[in-house]
Amino acid sequence: MIDFSILFDHMDMYLEGFWNTLQASLLALVGSFALGTLFAIFRISPIRPLKWIATAYVEFVRNIPLILVVFLFFVGLPAMGIVLEPFIAGTLGLTVYTAAFIAETIRAGILAIPKGQTEAARSSGLTYGQTMRYIILPQAIKVVIPPMGNQFINLVKNSSVLGVIAGLDLMYFGDLIAADTFVTFDVYIFVAVFYLILTLPLSAFVSYLERRLAGSR
Amino acid sequence: MDFIGAYAPSHLTFLLEGFWVTLQVAFLSIVLSFSIAIIVGVLRYAKIPGVSQVLGTIVELVRNLPLLLIIFFTYFALPEVGIKLDKFWAAVLALVIFEAAMLSEIVRSGLNSVEKGQIEAARSSGLNYVQTLWHVVLPQALRRMVPPIVSQFISLLKDTSLAVVIALPELMNHAQIINGRNVNYVIPTFLMVAVMYFVVNYALSVVSKRLENKHA
């Protein structure tokens with residue numbers, strides 16, 4: 001039987017971890033969305049050097065493990081004399097990593113709109129900016145929203161890496177409680193429930209959006 | 001930063017030894033999780049009352065959990081209920097549980113993408129349900145699944161690095177050991193590790209893109 005006293009006795013730790021996981025996820029979401037949009041624009045821009053930089057960044061980061069990126073911020077920066085709080089280092093690592101995936105999602109969304117539409121809009125007298133604003137982006141957003149939601153779910157799950165570098169998140173406090181009580185099995189079940197409280201509604205919302213938007217296109 | 005010291009031959013071979021373990025874990029996990037994913041995906045597609053719902057719920061729960069939690073679970077929590085695995089198999093089991101859930105979702109949506117008319121046509125031309133699935137639906141679905149499956153394999157290879165938390169002697173663990181010897185090795189070692197992961201994963205993604213263009 002699962003021992004619920006483990007949950008109630010350590011509720012403050014679970015909640016603090018839960019709150020920090022939520023904070024790290026939201027901060028990394030905002031940061032990676034801004035950075036990712038920037039790189040997506042760079043990648044489709046006609047300016048060659050910007051395109052190269054963005055492509056190199058996206059391709060490189062997407063193909064290396066998240067924990068390596070986080071370690072670079074947590075162990076790599078101190079080796080160069082810059083020491084960050086674990087929470088900050090972890091959130092930065094998460095942001096830099098997720099930005100590559102978000103850039104790719106946005107780019108794919110824009111590329112999914114047939115070229116003919118841009119040509120038609122341009123030849124009917126709209127400027128490039130107007131074409132983007134009135135024709136391409138409104139359609140691209142519909143394509144992009146569901147995969148973006150999936151990226152956010154991944155982000156919440158990935159934030160657990162903060163636990164490895166003492167980032168005070170849910171995973172970290174889970175390990176502390178497990179080490180404290182020796183009731184590892186039950187503790188991890190409760191940690192799982194806390195993660196599911198965040199991720200399950202999100203993924204239900206994403207599949208709802210997928211169904212809605214599939215019909216409207 | 002000491003590139004010359006960090007890239008001493010003994011360090012490079014040590015990293016490659018770690019990478020070999022990484023590749024072993026990844027390969028085993030891919031084979032096992034893909035086999036399970038096909039069975040789970042087909043069972044869910046076949047809409048067997050009860051079975052599909054139970055599997056669907058399990059898949060949904062596992063997909064929404066962090067892999068790191070599952071690794072801690074298989075290594076630290078399972079012994080408590082009498083299942084004791086060494087680091088290697090605890091890591092493989094965790095990866096298989098997590099990736100099988102992710103892959104089964106790909107298999108299921110691949111199967112669903114095959115037009116219903118084809119199934120009806122196959123059935124009315126005399127094939128039974130299993131034959132229809134085996135000869136008509138699966139071959140087409142598998143072809144459409146190739147790109148997302150390859151990206152899932154890339155994720156899996158990257159995810160093996162999380163086993164560093166249970167001190168599995170894979171690439172990340174060996175990098176940390178080298179880093180522990182001299183702080184000036186940290187950046188060069190991480191760079192080398194990044195390049196190793198990148199080379200294999202990028203090659204995989206190029207192959208996937210080729211296949212995608214061929215089948216499109």
Side-chain angles (χ1 to χ4, degrees), chain A residues 21 59-81 97 101 104 150 153-154 156-164 169-171 174-175 178-179 182-189 191-204 207 210, chain B residues 1-2 22 60-81 83 98 151 154-155 157-165 170-172 175-176 179-180 182-191 193-206:
Chain A
T21 287
E59 290 299 339
F60 190 66
V61 173
R62 276 195 334 147
N63 286 302
I64 63 174
L66 166 66
I67 201 165
L68 179 61
V69 180
V70 170
F71 277 165
L72 266 174
F73 280 90
F74 186 64
V75 195
L77 285 185
M80 297 192 294
Y97 179 78
F101 290 86
E104 201 52 15
N150 283 326
I153 297 168
N154 278 338
V156 174
K157 295 194 291 171
N158 281 338
S159 72
S160 60
V161 168
L162 264 71
V164 181
D169 67 320
L170 197 45
M171 198 67 239
D175 290 338
F182 298 106
V183 194
T184 321
F185 192 92
D186 298 5
V187 170
Y188 287 138
I189 294 284
V191 173
V193 171
F194 276 103
Y195 274 109
L196 291 175
I197 291 173
L198 288 177
T199 53
L200 277 182
L202 268 170
S203 72
S207 28
E210 261 166 2
Chain B
M1 267 180 254
D2 180 1
T22 292
E60 205 49 34
L61 288 179
V62 172
R63 283 182 44 186
N64 283 291
L65 287 174
L67 172 60
L68 196 59
L69 178 65
I70 303 176
I71 294 176
F72 278 120
F73 196 83
T74 55
Y75 190 62
F76 293 116
L78 283 187
E80 221 167 90
V81 289
I83 306 165
F98 183 73
S151 4
I154 294 175
S155 294
L157 188 74
K158 295 191 293 171
D159 285 343
T160 57
S161 62
L162 291 175
V164 72
V165 296
E170 41 69 71
L171 182 52
M172 207 60 219
Q176 290 287 69
N179 288 342
N182 186 332
V183 75
N184 292 318
Y185 293 166
V186 173
I187 303 275
T189 305
F190 279 151
L191 274 180
V193 168
V195 167
M196 285 178 173
Y197 280 112
F198 176 78
V199 167
V200 174
N201 284 331
Y202 191 70
L204 274 174
S205 72
V206 169

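Not measured: the values here are computed from a predicted model.
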G76(A) versus V186(B), closest heavy-atom pair with distance: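 It is CA-CG1, 3.8 Å.
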For I67(A) against S161(B), the heavy-atom pair lying closest together: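 Shortest heavy-atom contact: CG2-OG, 3.3 Å.
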[X] portion near chain A, given a 4.5 angstrom heavy-atom threshold:
{"X": "L61(B)", "result": "both"}
{"X": "E60(B)", "result": "both"}
{"X": "V81(B)", "result": "side chain"}
{"X": "I187(B)", "result": "side chain"}
{"X": "V165(B)", "result": "side chain"}
{"X": "I154(B)", "result": "side chain"}
{"X": "V164(B)", "result": "side chain"}

From L72(A) atom CG to L191(B) atom CG, the distance as rounded to the nearest 0.5 Å: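 Atom-to-atom, L72(A):CG and L191(B):CG are 7.0 Å apart.
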Interatomic distance, N63(A) atom CG to F198(B) atom CZ [nearest 0.5 angstrom]: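 If I round to the nearest 0.5 Å, the distance is 5.5 Å.
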Do [X] and [Y] come close enough that some side-chain heavy atom pair is under 4.5 Å?
{"X": "Y195(A)", "Y": "N64(B)", "value": "no"}
{"X": "L66(A)", "Y": "K158(B)", "value": "no"}
{"X": "L67(B)", "Y": "K157(A)", "value": "no"}

Output a table of donor-acceptor pairs, distance under 3.5 Å, between side-chain atoms of residues 71-79 of chain B and any protein atom two or more places apart or on a different chain; print 'none' if there are none.
from, atom 1, to, atom 2, distance (Å)
T74(B), OG1, I70(B), O, 3.3
T74(B), OG1, I71(B), O, 3.1
T74(B), OG1, A90(B), O, 3.0

Between chain B and each of [options], count heavy-atom pairs under 4.5 Å; write down the option with the most.
{"options": "L202(A), I153(A), V75(A)", "result": "V75(A)"}
{"options": "L196(A), V191(A), L198(A)", "result": "L196(A)"}
{"options": "N158(A), V183(A), V187(A)", "result": "V183(A)"}

Chain B heavy atoms under 4.5 Å from [X]: which part of the residue, side chain, backbone, both or neither?
{"X": "D175(A)", "value": "side chain"}
{"X": "L68(A)", "value": "both"}
{"X": "F182(A)", "value": "backbone"}

E80(B): partners by salt bridge (Lys or Arg N to Asp or Glu O under 4.0 Å), with sequence neighbours left out: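 Here no residue qualifies.
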Top contributor to chain A contacts, counting heavy-atom pairs under 4.5 Å, from [options]:
{"options": "V195(B), L69(B), L68(B)", "value": "L69(B)"}
{"options": "V183(B), L65(B), T160(B)", "value": "L65(B)"}
{"options": "Q176(B), M1(B), R63(B)", "value": "Q176(B)"}
{"options": "Y202(B), F190(B), Y185(B)", "value": "F190(B)"}

Other residues, nucleotides, ligands: >12 heavy atoms within 6.0 Å of F60(A) CZ: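 Yes.
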